[in-house]
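I have placed the structure first, in the form of structure tokens, so that the comments after it can refer back to it.
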Amino acid sequence: MTTDTKTIALEVPATKNKASKSLWQHAFSTIVKDKLALVSLIIVGFYFLIALLTFLGVIASNWGVEVGPSYAPPSAEYIFGTDIFGRSVFLKMVKGAETAVAIGLATSFIALFIGTTLGALAGYFGGIVDEIIVWFYTTFSSIPFIMLLVAIAFIMGKGTSTVFISLGVTSWVGLCRIVRGEVMKHKDREYSQAANALGAGHTRKIFKHILPNITHVLIINFSLTFEAAIKSEVILSYLGLGVQGRPSWGTMIDDSKLELARGVWWQLGAATLAMFFIVLAFNILGDALRDALDPKLKGK
Amino acid sequence: AKKQDASERVLNIVSPAEIKGYDPIMSDDLYSGREIAKIYEGLLAYHYLKMPYELIPNLAEAMPEVSKDGITYTFKIRKGVLFQDDAAFPNGKGREVEASDFVYSIKRLADSKNQASGWWILDGKLKGLNEWRDKNANLPVTNYDEEVEGLKALDKYTLQFKLAKPFPQFLYSLAMGFTSVVSKEVVAKYGKEFINHPVGTGPYVLPKFDQGKRIVYTKNPTFREKLYPSDASPEYQNLLGDAGKKLPLVDKVIVHVMVESQPAWLKFNKGEIDYFGVPKDNFATAVKDNKISGELADKGIVLTISPQLDVTYTSFNYDNKLFHNTNLRRAMYLAYDEAKANELFYNNTAFPAQSIVPPGIAGNDPAYKNQWKGPNIELAKKTLAAAGYPEGKGLPEIVYDIPDSTTSRQMGEYFQKQMEQIGIKIKISASPWPEFQAKLKKRSGQMFGIAWGADYPDAENFLQLFYGPNSAPGANSSNYNDPKFNKEFEQAVMMQDSPARTALYVKLNKYIAEEAVSLFGVHRQAYTLQQSWLRNYRASDLHHDNVQYLNLDTAKKEEMAKKF
Amino acid sequence: MNLYSYILRRLLYVVPVLLGVCLIIFVIFNVVAPDPAFILLGKHATHEQIAQLHHELGMDRPFWEQYLSIVRSAFTFDFGYSWSSKQQIWEMIKAGAGPSLSITIPLFIIVNIVSISTALLVSFYRGKMLDKTVLILSIAMMSIPSLAYILFGQWYFAYTLGWFEISGYEAGFPNFIPYTILPVLLYIAISWGPDTRFYRSVILDEVYQDYVRTARAKGVGELSIMFKHVLKNAMIPILTYVIIQIPFLILGLLLAEAFFSIPGLGGITIKAINTSDFPVIKAMTILSAVGFIIFGVITDVLYTVVDPRMRLK
Amino acid sequence: MSEYLLEVKNLTKVFPIKGGLLGREVGAVRAVNDISFKIKKGETLGLVGESGCGKTTLGRSILRLIEPTSGEIIFDGKNIEKASPAEMRAIRRKMQIIFQDPYASLNPRMTIGDILAEPMDIHELHTDKAARKARLLQLLAQVQLPADALNKYPHEFSGGQRQRICIARALAVEPEFIVCDEPVSALDVSVQAQVVNLLMDLQKELGLTYLFIAHDLKVVEYISNRVAVMYLGNMVEVAESSELYGDAKHPYTKALFSAIPHPSTDKRPDRIILEGDIPSPMNPPQGCHFNPRCWNATDVCRQTFPSVTQHSGTHMYRCYNPISK
Amino acid sequence: MTEKVLEVKDLVVEFKTDRGTIKAVNGVNFDVFKGKTVGIVGESGSGKSVSALAIMGLIPNPPGRVASGQILFKGKSLVNMDASEMRKIRGNKIAMIFQEPMTSLNPVFTIGNQIEEVIELHQPQLSKKEREAKAVDMLRLVGIPSPEKRVKEYPHQLSGGMRQRVMIAIALSCEPDVLIADEPTTALDVTIQAQILELMKKLQKELGMGIILITHDLGVVAETCDTVAVMYCGQIVETADVKTLFNHPRHPYTRGLMNSIPSFDSTKSQRKERLQTIEGMVPSLFDLPAGCNFQDRCSSVTEHCRGSQGEPTLRDMEAGHLAACFNPLKQFEGKGL
Ligand SMILES: Nc1ncnc2c1ncn2[C@@H]1O[C@H](COP(=O)(O)OP(=O)(O)OP(=O)(O)O)[C@@H](O)[C@H]1O
Ligand SMILES: Nc1ncnc2c1ncn2[C@@H]1O[C@H](COP(=O)(O)OP(=O)(O)OP(=O)(O)O)[C@@H](O)[C@H]1O
Ligand SMILES: [Mg+2]
Ligand SMILES: [Mg+2]
């Protein structure tokens, strides 16, 4: 035995001076190495920063102030021109980032919460619980998204929280389905079985073993939901169910359907541009995350 | 569009809203009303070329005989008027209209099973009609044969109305779509589908309404001899070119239902639409200093500006005691800069409203200036202090409800900004039209931004908006209930048109204005663009039947085609 | 278990799902939604009229009866009358289906052909310039909201350039064609990005499978590998994706129909939403749910045709 | 207390196969069919058989990771198949399992420290911080891993090291009995030897008892005192490992041994090449399940399932026509 | 000696990865003779499969490429051969069987179809009928019962052993000169493995092809191969005819491998002594040590091995027996098994 213990030291040589990396750190470093993904990450971070700053009132709090004549076209003075009240379209666009980020976050968290909870319950417990949840989401998903949105708006009335909730409540099904599948898979994985053999209870198995292993799915889904929510807000605004009392890209685009014919394209332009970059960034980031976080590509 | 037969005169117009169907008793919605008026007719109509509005007989032979007490109205109806041909009639040939058809049509309006949206015009007005309605409400089948005292066909061509109490505005209801004549055979044949099978007496026919976005009317071949008017008010003298010609003047009318304004405006600019109300946001492109812009002028397009019989106003819900504070209301009124709003939202084309009754209707005093109408920030602040809320302190945040449309939203934001100047906090809550309506009807809001368009050209139609018994779900959505006002209003309503009544109207109108019962905004004007080849167009709020008077200069149209 | 009993079983599952859909509709519209009476009665409504309307609409009946009537309508397609237009809803649906299909069917066919071909092409050149360009382009196109496409397309292509009809519709083939070209093209642009991306990822999943290596080892050419081996395997997810679009085809294109004045089901739906026309909203919801469920079954059945592994003994 | 640590009596596990209209049961797989055996304290029982014959199912049923359909499992004198969850948890301290795929059996999101501490958390062992740390280090030393492994993640280790981590985790609760479900099958030969040595050392040191499952007969024979052979859910032969190799009675055992490729170029006795495939466990052949592939099969083999023949004290088989020496 | 059908000379295959370029195969040489079997053994990741794929021209590119070296098939170079010409050789002259019988067949085509495809590609003169008949013959040849029925079945309807036979049938249907079998039995049970190996031996005798048999099971090598190459970290560390190698291994790694297999000896009655092991683990291809790749695990390591003399190259130990080692075992020291 003694000789053996000596040779052991030899066995783990390569990792000695390298800091140990979890899969997360690994994923992060992978993303940072991918230039396009890094740029996307920076863009997303930038939008979040803007949103935070507008939320705190550091910037764009004066978006409602008249800065020039009504419908002034873009110029050196008015970067993206002005709207009907002579407000700066640029500031509205900036303020819109706050709305967009708020919608994205709220929607994704609501969807995440419902989807994960139901999916995990169904996948983990199986049997009748599973059947009921599957029935529930099958039912739910056979109702068109737009109808659900409208229906929820009917119940809840108007307002920003309605937008959050209706988008959140309509976005969980996909995630639920995936989580259910993943949980089922992981439940039968040998490490879960090992935990079982150790006498681990349900809570421990779900929260310590299974959920941490599907976080990549959650993160990828989070980014997709986030991006989809920002886009859905436009449709909601068009249907008159959008956010109120503060600028959003959706209402800017909706406004522009009247303005375009008189040649006022800058609200549409600014909102589309603002939306374009964050949606694009989220898409690219989503792909990169998928590559970086998918455990299939790691370890072995 | 496809090439149209050159010899055929085809009028292309736009309806900016969906058409709900062709049942006259449902014609309270403006856009459906206009379509219904192409096919159905009533006893009376407005003279096409007179201003102020003048009622003239249409299916009636002449204006009615009115008894001295103002209770009995006797009509002779025109002979030889035929219903349009339809399979519902023997051999498919439309029969002659009789007095009993009017009795039937008006009973249909009163039949509670029909849930007619126009019932209000007769509610409590004709003797025995309400009783008939209530009695039949609980019967499985409505008994149309039962006689109603206030509504009788004395013979084939004589029709007699008896009012419950004097109500001179009654005649206006006979010019409204609701009382148009329908035939019971057609109603019986199509049942619920009657709404899609319009068979009237009017100038145009539509075999079947299929819910399409393109409604094509053709000339009614059995239309009676109806002629283009030969007399006109001074401002319409230029429209007498077709005087004495048999109506209708164009062979075919195509109505394009276009809910979104962008495509409609683009289509008009291509010459595919003959006239078009200018959307607010196309205004700058179209009009400068009340003149048409160069590009459009080159195409020969003509601009018509005409006042509308309407008023926009911001109303309070008086169920909320907060608004019983007159000074608060006045302060708000003073803080609001209507001139600027006019510029932003109406391109400076609207008339600032001093009171509720619009100009052109007896009761409006052109000289009157409302002392509480802003902007006067200094005074507003003082008044607000007098109201007990210096600089808005102690005043809760007020929720301002608006219908959700791009423009309403912008208006709401504007109102919010204005009130902020004197320290009043406003929260905007936008809802789609139906929900907005529900809020009004349920009295659940605090403040609303709304507008009222005239049903008929009489101050009563505006003043009743503040008549206590009309509270929501009635038209008085502010639930204003002032016994003094109520009493005088009731009195005015009974009076025949006279200087005394006008004086009373003026008084009531001013009272409402001075009290700042609502914050009156503007009386809008309609801006209509016409193609150079369109003839006889006059803008009007009440002439839903205008299409029969319109004409096209096909040669001119061909000539202009290259400019498009 | 044979195919028929499998189909039957899948069809039977439709029942609880449909009951569930009805339940959701019922809860939303009959229990918690605001009172529709005010909207329907217009600006001069009275209390008496409201009460009567409630009776008329069955709102005073017990809940279970109301629920049953929704269930009944889901199976008989007798949806009653629209509140707003007083039209028979089934007739409205029949009238709207044609125009909707006249844009969605060409769109469906073209966009799937185009994006599947693009996906095959870029999968073939995976990792090369073409693949990267298409990928970036498709993501970029996905990032623009569809409303922006429509607004711009209508203004620029139809009006400024005059290439297409601005808006409008005429019933009957081929009359509708000039009116449908622009909306179809715009929606091709809108859907091409996400579709291509999806198909590409599906095809790429297959490209790295072992059987592809076997085919290469057999000396099969690259093109034949793509079009024979890979495509047939990728058919399963592709089919699912394609078929699941069909119920939405029936519902039409909400925005396009509103902007191009096409009298289709999408327009009816938007109008119903804007006027709180509950019966129509309910009908559209049920209709699309039924479509969704039925096409779900069809997908499952087609799986067994395409994929022998799913074929049951 | 008996000399046997574990006694399995008539253990059966049937997996229902759902299908048909409305998901009725349409069939069943008898993955484990009426199996009985005993294991002495400190002994290793090897279990071999072809893929799908039920080895894993048997191993997991013993720990009640799979609920057996019927039969008795008596561990340390206690009948465990009726144990309550709390009792079961206590029993699990004494029985552990190591799986085939060392990567899949480690949670990739946990550090080795967390993985090894988890069993102690569950069973509330060594709750004191210092004691915990000491125990972790002791475990690492037992499986010959360096102390700095604690903060690393499974993906940073090689296959052999991962399997050691799995072994350490099993040891953390100080079990008496370990089911080794093909613990070395996924490893390269050179690493396999390290792990096999480790398992044997631990057994000596801690007095462990093993049920050692493998399909590699060489390894099983090497590590086990006795070997049991399974075919299609049934145990067809059990014997001392040397006896089994030298004197297999069941034709299947014989064929299995003869099929092993020998890493030597010396001449070997002729190989028995079996005909045909392993039948589907969903509908095993009538009679002796091995009969379609058996060169000795007679009519009786095709009709009735053979019962157990006790050959010698420790040697049992199920066959009508056993092979004579 | 018989005809040399395939020659691999100094083959180097590189892969570009996130962490740099690795040489998965680094200077490999071996020959394949008609009717003979070359065994390639080595631990996981030692470059066995990559070598085989290189011969087939199937190295996924990117990230991999044949960086240098020659592969000559009957004197013709396969490296940089025109793609269409290469396709004519693949599946026809050189065929390959893969390790995973479960996934290597296309799940949506019948097995008949998949056999016919290769016949159609390389024997276009045959009619559809003839092809079908040939597919049935091939299935019969590889010992699948009732082949007429089986041709119409799909891969999922067959067991693993059956599928591997189908793979063999596909590989052999054009009677190739060289068959590469990459761990053809690893996924199979021993009894089935015995069937398949027996079958391959039989077919080799009938068709006279040269076989490259890749495996990590020394037992399989000993029983089926004529010559053996032992790979370690992308290089061949020892090669010889099978008898010599097993009886007198010269490279410490080869001996280590042999010793770590439990011997199967009924004479040892009770529990055996500890197995001999090779301590440590295979170094990562990303940071190979200077000098001999095996230095850290070697019992007879010296300073030479640590880089002062460069990498050890294959040297003749005796006729036809080469080993890459600075301190080879004595000729009879290596007697392990
Ligand atoms: N959860 C399950 N449901 C249905 N059948 C199952 C289940 N688990 C195992 N089986 C079946 O039971 C039989 C025995 O499986 P088991 O995994 O015990 O075999 P094994 O001997 O461990 O095989 P291997 O050597 O491949 O690991 C197989 O036919 C398998 O298909
Ligand atoms: N596509 C690839 N990309 C990057 N590296 C690769 C790729 N394919 C193989 N390699 C690397 O090449 C080396 C040799 O791999 P190869 O598949 O030849 O090993 P092997 O000897 O066949 O092992 P096994 O016994 O596990 O099959 C490995 O280190 C592997 O990581
Ligand atoms: Mg197993
Ligand atoms: Mg390999």
Side-chain angles (χ1 to χ4, degrees), chain C residues 1-3 120 122-132 135 202-240 299-313, chain E residues 49 52-53 55-63 83-111 113-123 152-157 163 166-167 169-171 173-174 176 179-180 182:
Chain C
M1 182 165 65
N2 64 29
L3 189 58
L120 279 170
V122 297
S123 311
F124 186 73
Y125 290 108
R126 62 193 165 276
K128 304 267 164 58
M129 249 343 256
L130 179 75
D131 181 28
K132 285 182 183 149
L135 191 65
V202 162
I203 292 170
L204 281 188
D205 274 351
E206 293 297 329
V207 164
Y208 293 109
Q209 297 291 320
D210 285 343
Y211 68 80
V212 172
R213 193 179 58 184
T214 308
R216 288 215 180 88
K218 280 157 66 171
V220 181
E222 286 299 313
L223 272 181
S224 170
I225 287 180
M226 278 322 272
F227 282 88
K228 187 175 162 193
H229 292 262
V230 169
L231 189 58
K232 188 149 186 212
N233 277 282
M235 235 28 230
I236 294 151
I238 290 180
L239 257 185
T240 319
T299 315
D300 283 1
V301 172
L302 279 181
Y303 273 174
T304 65
V305 175
V306 177
D307 188 348
R309 282 166 295 188
M310 308 258 184
R311 220 166 280 168
L312 302 142
K313 283 140 230 157
Chain E
S49 300
L53 290 175
I55 297 169
M56 295 296 287
L58 289 179
I59 297 288
N61 180 8
S84 65
E85 217 176 313
M86 188 69 209
R87 248 182 267 135
K88 286 199 193 103
I89 290 181
R90 247 187 244 152
N92 187 19
K93 303 284 180 213
I94 307 178
M96 182 158 176
I97 311 168
F98 297 98
Q99 174 175 359
E100 301 83 9
M102 294 309 187
T103 53
S104 291
L105 289 170
N106 193 329
V108 298
F109 293 104
T110 62
I111 57 172
N113 233 314
Q114 300 188 54
I115 301 173
E116 283 164 43
E117 185 181 29
V118 70
I119 302 171
E120 188 182 357
L121 280 168
H122 300 297
Q123 300 174 357
K152 295 193 200 83
E153 289 184 354
Y154 288 91
H156 71 278
Q157 292 167 293
R163 284 186 218 183
V166 173
M167 283 300 294
I170 290 175
S173 47
C174 295
L179 173 70
I180 305 173
D182 186 0

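Quantities reported herein were computed from a predicted structural model and do not represent experimental measurements. Naming convention: chains lettered A, B, ... in sequence-line order (proteins, then strands); numbering from 1 in each chain.
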Legend entry - Heavy-atom pair count under 4.5 Å with chain C, highest-scoring of Thr103(E), Ile180(E), Asn106(E): Asn106(E)
Legend entry - chain C contacts, top residue of Pro155(E), Ser104(E), Gly91(E) (heavy-atom pairs, under 4.5 Å): Ser104(E)
Inset, instruction - Let me know if Leu105(E) has heavy atoms under 4.5 Å from chain C in its side chain, its backbone, both or neither. - result: backbone
Inset, instruction - State, yes or no, whether a side-chain contact exists between Arg213(C) and Met96(E) at a heavy-atom distance under 4.5 Å. - result: no
Legend entry - chain C contact via Asn92(E) - side chain, backbone, both or neither, heavy atoms under 4.5 Å: neither
Legend entry - Straight-line distance of His229(C) NE2 to Gln114(E) CD, nearest 0.5 Å: 7.0 Å
Legend entry - Over all atoms of both residues, closest heavy-atom pair of Gly221(C) and Arg87(E): CA-CD, 3.4 Å
Legend entry - Nearest-0.5 Å distance, NZ of residue Lys218(C) to CE of residue Met167(E): 8.0 Å
Legend entry - Most contacts with chain C, counted as non-hydrogen pairs under 4.5 angstrom, among Met86(E), His122(E), Lys88(E): His122(E)
Inset, instruction - For each of Lys228(C), Met235(C), Arg126(C), tally heavy-atom pairs with chain E at distances under 4.5 Å, and name the one with the top tally. - result: Lys228(C)
Inset, instruction - Nearest 0.5 Å please: distance from the OG1 atom of Thr214(C) over to the CD1 atom of Ile97(E). - result: 11.0 Å
Inset, instruction - Against chain E, label Val220(C) side chain, backbone, both or neither, depending on which of its atoms sit under 4.5 Å from a heavy atom there. - result: both
